[in-house]
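Whatever order the structure lists them in is the order used to number ligands and atoms, beginning at 1.
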Amino acid sequence: MYKPLESDKAKPMGQGLKYFIETWGCQMNEEDSEKLAGMLKGMGYEPTPFKHQADCIIFNTCCVRENAELKVYGNLGMLKKLKEKNPEMIIAVCGCMMQQQGVAEHILKRYPYVDIVFGTHNAWKFPEYLFQAKRDKVQVREILSDEQRIVEGVPVERESGLSAYVTIMYGCDNFCSYCIVPYVRGREKSRTPQAILQEIRELIAQGYVEFTLLGQNVNSYGKGLEEPVSFAQLLRMVNDLPGVRRIRFMTSHPKDIDLEVIRAMKESEHITEQIHLPVQSGSSRILNIMNRKYDRETYLDLIRTVRRELPGVALSTDIIVGFPGETEEDFSETLSLCEEVGYDLAFTFIYSNRNNTPADRMPDQISDEVKHERFNRLVEVVNRKAMERNEALVGQIHEVLVEGPSKTNETVFSGRTRTGKLVNFPGDATLVGQFIPVRITRANSFNLYGEAVEHSS
Ligand code: SAH
Ligand code: SF4
Ligand code: F3S
């Protein structure tokens, strides 16, 4: 349990001061940033959208691919001038990059105006670091290699009022050969169902209706808990909480998703028809070298089962192109798999070497030119299939949870279907937060357009 620290109690510490947090990477980092914001608010700080107005800047970093890291370094360089103007400003850098050997030291040396660095296992100690940096005017650094405990009860400052991410497990045990996540996020640790349900109840009381359960591999949820609970059981427990309207979850590793989960989805009203099943490659040979523990045929069987059991299900995936040793033939198997599955959404990535991962040391690294050329061909297939899937929805009526006005036009509102698709339609502010039927009138690869249908609620 998170206990308020001395520095928390010293409320005036942040009174009248502002913070700015920039977050790169996945929802794991988003969640940590929400906690950091919660702690800063607890100390009296207020948020600002402008770096130059901030008294405390936090960069929460990601290192899953090289370009994520490059962005962080670019942004760090730009803080030098701000710090010169406001020497009292505190700059903290945290997140996955800090867990890589030598990175924290490098940052403290190369960017001496950085005051605090900490890793992914101890974000909850941030108030202590802030207090120390301000009091002693020294660079504060604490990186832990892993953490057995899960610290519950850290205050959270969330942005939207309808949909919330709820982390159910931390870390990853899979060690896919290209991936750095297990090294920077540590071993799998599941939160207890009690803690998860309590958090969701509190969110419901604040008006949240849609919940996305998060973990790097949610299907192995429950391992190591004193009273073992499977992911399927957890899903059913969340479904039974009064006030829950929609449940999503990610990520499902194809090797671990089982019939129990599919049955829970089928039998539970609020679990939506949407699954993210990262395939990574369509070639069994490459999947083996990636250490994914399934092959093309098992994956396609799984897709057939899911489609049969959950009609109308939306399927999304992650794909890597240019993994070491990927031949034109391997790549064409990825293309044909995409043609065959017809994903609603696919996140496509160019393989990026990550230090100290097995794939980094593999022979036959693919040239940038070939990677880019394959990437473009893949994007063409993926977008065309997504377009076909979306066009097939034209004429249908879907339940949409209205989120708010669209970014570009105040009379156009947007919301999501149960399957997670973004729909734009003419509307007004009274609809925000409601579930309304919308007839789909038009589609492209990424969005749907529609019109609200008269309804009685
Ligand atoms: N736990 C999730 C995803 C975590 S990272 C899963 O297993 O699917 C999100 C995605 O980033 C991965 O699915 C993968 O497609 C991509 N990715 C991870 N490491 C990468 C690397 N070194 N180069 C390119 N893409 C990578
Ligand atoms: Fe990375 Fe694989 Fe774990 Fe996903 S399952 S986080 S890709 S090691
Ligand atoms: Fe990036 Fe860390 Fe997530 S490396 S993708 S922020 S777990």
**Request:** Determine whether any heavy atom of Gln216 lies closer than 4.0 Å to an atom of ligand 3.
**Result:** yes
**ligand 1 atoms in contact with Arg354 (distance to a heavy atom under 4.0 Å)** = 22 (N)
**Numbered atoms and elements of ligand 1 in range of Asp318, under 4.0 angstrom, heavy atoms** = 9 (C), 10 (C), 12 (C), 13 (O), 15 (O)
**Asked** At a 4.0 Å threshold, what atoms of ligand 1 neighbour a non-hydrogen atom of Pro278?
**Response** 8 (O)
Donor-acceptor contacts, no H, no angles, side chain residues 60-67, under 3.5 Å, sequence neighbours left out:
from	atom 1	to	atom 2	distance (Å)
Asn60	ND2	Asn29	O	3.1
Asn60	ND2	Ser33	OG	3.0
Thr61	OG1	Cys94	O	2.7
Thr61	OG1	Met97	N	3.2

**Prompt:** Hey, which atoms in ligand 1 end up nearer than 4.0 Å to a heavy atom of Thr251?
**Reply:** 2 (C), 6 (C), 8 (O)
**Request:** Would you mind running through ligand 1 and noting each atom that sits below 4.0 Å from a heavy atom of Val64?
**Result:** 18 (C), 19 (N), 20 (C), 21 (C), 22 (N)
**Message:** Can you report which non-hydrogen protein atom sits closest to atom 19 (N) of ligand 1, along with the distance?
**Reply:** Tyr178 CD1, 3.3 Å
**Complete:** Residue, atom and distance of the protein heavy atom nearest atom 23 (N) of ligand 1 read Ser352 N, 3.0 Å
**Request:** Answer yes or no for Arg292: is there a heavy-atom contact with ligand 2 below 4.0 Å?
**Result:** yes
**ligand 1 atoms in contact with Arg292 (distance to a heavy atom under 4.0 Å)** = 7 (O)
**Prompt:** Using a distance threshold of 2.8 Å, what protein N/O/S atoms lie below it relative to atom 1 (Fe) of ligand 2?
**Reply:** Cys179 SG
**Message:** Distance under 4.0 Å to a non-hydrogen atom of Gln216: what atoms of ligand 1 satisfy this?
**Reply:** 1 (N), 2 (C), 3 (C), 4 (C)
**Complete:** Within 4.0 Å of some non-hydrogen atom of Arg65, the atoms of ligand 1 are 11 (O), 16 (C), 17 (N), 23 (N), 24 (C), 25 (N), 26 (C)
**Close N or O approach (Tyr351, ligand 1; < 3.5 Å)** = no
